[in-house]
There are 2 protein chains.
Amino acid sequence: MKRNTWQREAVRDALGSNEGFVSAQGLHQGLREAGSSIGLATVYRALADLATEGEADSLQSDQGESLYRACTPGQHHHHLICRNCGLTVEIEADAVEAWAHEVASDNGFTQASHIVDVFGLCARCSASPAALGHGA
Amino acid sequence: MKRNTWQREAVRDALGSNEGFVSAQGLHQGLREAGSSIGLATVYRALADLATEGEADSLQSDQGESLYRACTPGQHHHHLICRNCGLTVEIEADAVEAWAHEVASDNGFTQASHIVDVFGLCARCSASPAALGHGA
DNA sequence: CGCCATACTGATAACGACAATCAACACGCG
DNA sequence: CGCGTGTTGATTGTCGTTATCAGTATGGCG
């Protein structure tokens, strides 16, 4: 049986109140700082569950860290992510979906799935080179 | 000065003689079994160098492992990867490149880059359900 | 309302991948 | 041949994630 725990809710809530992708550890730290006594392992579990149930999307950062973000459930979409501030925009890509399946078929592949994410600098970060953090 | 060592060559060679993506540790193990006395750290270094120089492509496995594969140097391309046997086909996707930049621009993003990989089952694995290992 | 079974929690240990360390070494050059 | 230095490789450390396991809270039921 699946129980209804405040911890699960806390993670879901923290995820929903975040604009970009967050790491499990970052989320845990944020919750702790907000006064919660939630455990790290629980955050990992909750995030894994959320991702499995389709309520959260996950991707891997450059360093191999898993990042999570709340997403529109039951809808296939991709992400446009700001490399600097983490701002994330959900994007749809019917054309890309079609292309992926076509390419797969052309090569005899079946059961095609795909990973498609676009990284860049959002308008604000593009306009603020100083914020890029590589100031000499 | 950059030296010409047999280790670097061994890694490059091992990478080239492999059809799909390999993990650093897998490659190291393979070289060891082939009689080489190359060290694990050296394999990591060589792979990182190769990837930096554009002679190898890298992607992250589901478990967060970094996988490498030899690729056509200096050319931007993506991959169609068999989920079962690892067979990899290089694919070009001008349309997707254009789409990615367009979507980024539409949302005010600059310096767009993207991750695009397609997974599926290759013709052989599609025809051999028994090989999928989850016989039920 | 209180009890019980059990799913869940959370601190910690284990684990795996990877990076850093550092002495020994080999390559290339004079 | 001998020197300088980039490279190697065994080992250690770091970091993210998962497993462990006893304690706890949840929710159904008497």
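Everything numeric in this text was worked out from a predicted model, so none of it was measured. Chain identifiers are assigned alphabetically (A, B, ...) following the order of the sequence lines, protein sequences preceding nucleic acid strands; residue numbering begins at 1 within each chain.
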- request: Report yes if some heavy atom in the side chain of Ser61(A) is under 4.5 Å from a heavy atom in the side chain of Ser23(A); otherwise report no.
  value: no
field: Separation of dA20(C) P from Gln63(A) CD (nearest whole Å)
entry: 13 Å
- prompt: Rounded to whole angstroms, how far apart are CG on Asp62(B) and C1' on dT18(D)?
  reply: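 After rounding, the reported distance stands at 16 Å.
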- request: Please determine, by modelled atom types, if Gln25(B) and Gln29(B) share a side-chain donor-acceptor pair under 3.5 angstrom.
  value: no
Remaining members of hydrophobic cluster (4.5 Å side-chain criterion), [X]:
| X | answer |
| --- | --- |
| Ile81(B) | Phe21(A), Leu59(A), Leu67(A), Ile81(A), Ile115(A), Phe119(A), Phe21(B), Leu59(B), Leu67(B), Ile115(B), Phe119(B) |
| Phe109(A) | Leu80(A), Leu87(A), Val89(A), Ile91(A), Val96(A), Trp99(A), Val103(A), Val116(A), Val118(A), Leu80(B), Leu87(B), Val89(B), Ile91(B), Val96(B), Trp99(B), Val103(B), Phe109(B), Val116(B), Val118(B) |
| Leu40(B) | Tyr44(B) |

message: Please determine whether the number of non-hydrogen atoms from other residues, nucleotides or ligands lying under 6.0 Å from atom CD of Glu90(B) exceeds 12.
response: yes
- request: Can you label the angle between the His101(B) ring and the His114(B) ring as parallel, tilted or perpendicular, going by 30° and 60°?
  value: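 Aromatic pair His101(B)/His114(B) classed perpendicular.
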Heteroatom pairs (N/O) under 3.5 angstrom, protein to nucleotides 13-17 of chain D:
unit_1, atom_1, unit_2, atom_2, d
dT17(D), OP1, Ser66(A), N, 2.7
dT17(D), OP2, Tyr44(A), OH, 2.7

task: Could you list the residues that satisfy side chain to side chain donor-acceptor pair (under 3.5 Å) with Ser58(A), not counting sequence neighbours?
output: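 Checked Ser58(A) against side chain to side chain donor-acceptor pair (under 3.5 Å); zero matches.
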Collect all protein-nucleotide pairs involving nucleotides 1-8 of chain C in which both atoms are nitrogen or oxygen and the distance is under 3.5 Å.
unit_1, atom_1, unit_2, atom_2, d
dT6(C), O2, Arg3(A), NH1, 3.2
dT6(C), O2, Arg3(A), NH2, 2.5
dA7(C), O3', Met1(A), O, 3.0
dA7(C), N3, Arg3(A), NH1, 2.9

